[in-house]
Amino acid sequence: IYRMNEDGSNLTRLTNNSSDDENPCWSPDGTKIAFSSSRDSGDYEIYVMNADGTNQTRLTTSNDYDVDPCWSPDGTKIAFTSYRDGNFEIYVMNADGTNQTNISNNSSYDRYPSWSPDGTKITFTTDRDGNFEIYTINADGTNPTRITNNSANDISPSWTPDGSKIVFVSNRDGNNEIYIMN
């Protein structure tokens, strides 16, 4: 994982090992980065480090993939995807790795969590209706709600900073494109 200024200058390597380090996500205050890595167990786990790459700390210890970390807006929680139940599920944990809780709890493929700016909802991708659609769910796991309905695949949702729209990827016109919706 590398860090750079938004103009591309000051490229700095933050992680340095022979394993894959992926899915970096800044904490809201910019002091930490959550990421997934296969460095310790061969499968992916969630780690957090200081913004300068120091103090790399493993937060999850499941026997399968933990990926896609995403900080809550107040920085107290991290949503992530886990395969520990035999299928991809959305989990939420405290920022120190405690209290790891399955909030999507469905036998389908649930991935790519993204917090709403007010921290009350999480949007994610799921195939529980036969193809990949975008859902929202309350941060406590209640009220899963389908918000796209298309025969194409809709994936990788992310909220706009004001919470009024969700941007996502869809192949509804034949190839992957970026879409936005209320």
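No continuous path of hydrophobic side-chain contacts links Phe168 to Ile178 [ILVMFWY only; heavy atoms under 4.5 Å]. A continuous path of hydrophobic side-chain contacts links Val67 to Tyr109 [ILVMFWY only; heavy atoms under 4.5 Å]. Linking ILVMFWY side-chain heavy atoms closer than 4.5 Å, directly or via other members, places Trp159 and Ile134 in a single hydrophobic cluster. No continuous path of ILVMFWY side-chain contacts below 4.5 Å connects Val92 to Leu59, so the two sit in separate hydrophobic clusters. Following chains of ILVMFWY side-chain contacts shorter than 4.5 Å, one cannot reach Tyr112 starting from Ile90, and the two form parts of different hydrophobic clusters.
Salt-bridge formation is not detected for the pair Arg39/Asp20: no Lys NZ or Arg NE/NH1/NH2 atom is positioned less than 4.0 Å from an Asp or Glu carboxylate oxygen.
Ser18 meets the side-chain hydrogen bond (donor to acceptor under 3.5 Å, both in side chains) test with no other residue; sequence neighbours excluded. Under the side-chain contact (heavy atoms from CB on, under 4.5 Å) criterion, Asn182 pairs with Lys165, not counting sequence neighbours. Among residues two or more places apart in sequence or in another chain, the side-chain hydrogen bond (donor to acceptor under 3.5 Å, both in side chains) test is passed with Asn171 by none. Residues satisfying the salt bridge (Lys or Arg N to Asp or Glu O under 4.0 Å) test with Asp129, not counting sequence neighbours, are Arg146.
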TODO: Given side-chain hydrogen bond (donor to acceptor under 3.5 Å, both in side chains), test Tyr47 with Asp40 step by step and report yes or no.
DONE: CA-CA 11 Å; Tyr47 291 75; Asp40 288 329; 2.6 Å; yes
Task: side-chain contact (heavy atoms from CB on, under 4.5 Å) between Leu14 and Ile33, worked out - done: CA-CA 10 Å; Leu14 301 178; Ile33 300 170; 3.6 Å; yes
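Neither side chain, Asn63 nor Asp43, offers a donor N or O lying under 3.5 Å from an acceptor on the other. When only modelled atom types and interatomic distance are considered, Thr148 and Glu133 share a side-chain donor-acceptor pair under 3.5 Å. Checking Asn106 against Ser108 by side-chain atom types alone, a donor-acceptor pair falls below 3.5 Å. The closest side-chain donor-acceptor pair between Asn131 and Asp127, if any, does not fall under 3.5 angstrom. Looking only at atom types and distance, the side chain of Glu22 has no donor-acceptor partner in the side chain of Ser36 under 3.5 Å away. Side-chain contact check for Tyr135 and Asn143: no donor-acceptor pair (N or O, by modelled atom type) lies under 3.5 Å. Between Ser37 and Asp21, the side chains place a donor N or O and an acceptor N or O closer than 3.5 Å (distance only, hydrogens not considered).
Within the structure, salt bridge (Lys or Arg N to Asp or Glu O under 4.0 Å) contacts touching residues 95-117 (residues at least two apart or in different chains) are Asp68-Arg111, Asp110-Arg128. Listed by first then second residue, pairs satisfying ring pair (Phe, Tyr, Trp, His ring centres under 6.0 Å) with a partner in residues 10-34 number zero, not counting sequence neighbours.
The distance from the CD1 atom of Ile122 to the OG atom of Ser72 is 8.5 Å, given to the nearest 0.5 Å. Considering OG of Ser104 and CZ of Phe124, their distance stands at 5.5 Å, rounded to 0.5 Å. Distance check, rounded to the nearest 0.5 Å: OG1 of Thr15 to CE of Met49 gives 5.5 Å. Taking OG1 from Thr142 and CD1 from Ile103, the interatomic distance works out to 9.0 Å, rounded to the nearest 0.5 Å. Note that CG of Leu11 and CZ of Arg3 are 9.5 Å apart. Values are rounded to the nearest 0.5 Å. Atom CD1 in Ile166 sits 3.5 Å away from atom CD1 in Ile147 (nearest 0.5 Å).
With hydrogens and angles disregarded, no donor-acceptor distance shorter than 3.5 Å links the side chain of Trp115 to the backbone of Lys121. The backbone N or O of Ser62 sits nowhere less than 3.5 Å from a side-chain atom of Thr60 that would complete a donor-acceptor pair. A donor-acceptor pair under 3.5 Å is absent between the side-chain atoms of Ser170 and the main chain of Asp154, judged by distance alone. Side-chain N or O atoms of Asn5 include none that pairs as donor or acceptor with a backbone N or O of Asp7 at under 3.5 Å. Side-chain N or O atoms of Ser19 include none that pairs as donor or acceptor with a backbone N or O of Asn17 at under 3.5 Å. The backbone N or O of Thr76 lies less than 3.5 Å from a partner atom in the side chain of Asp74, making a donor-acceptor pair.
Contact check for Pro69 versus Asn23: side-chain heavy atoms found under the 4.5 Å cut-off. Looking at Thr81 and Pro113, their side chains come closer than 4.5 Å, going by heavy atoms from C-beta outward.
Taking every heavy atom of both residues into account, Pro144 and Gly141 meet most closely at CD-O, 4.4 Å. The two residues Ala51 and Gly30 have their closest heavy-atom pair at CB-O, 3.5 Å. Residues Ser158 and Ser114 come closest through the heavy atom pair CA-OG, 3.5 Å.
The side chain to side chain contact (heavy atoms under 4.5 Å, CB included) test with Tyr91 is passed by exactly one of Asn102, Asn99, Ile46: Asn102.
Checked against the 6.0 Å centroid threshold, Tyr44 and Tyr83 do not count as a close aromatic pair.
At least one cation-pi condition fails for Arg84 and Tyr65: the charged atom is not both under 6.0 angstrom from the six-membered ring centre and inside a 45 degree cone around its axis.
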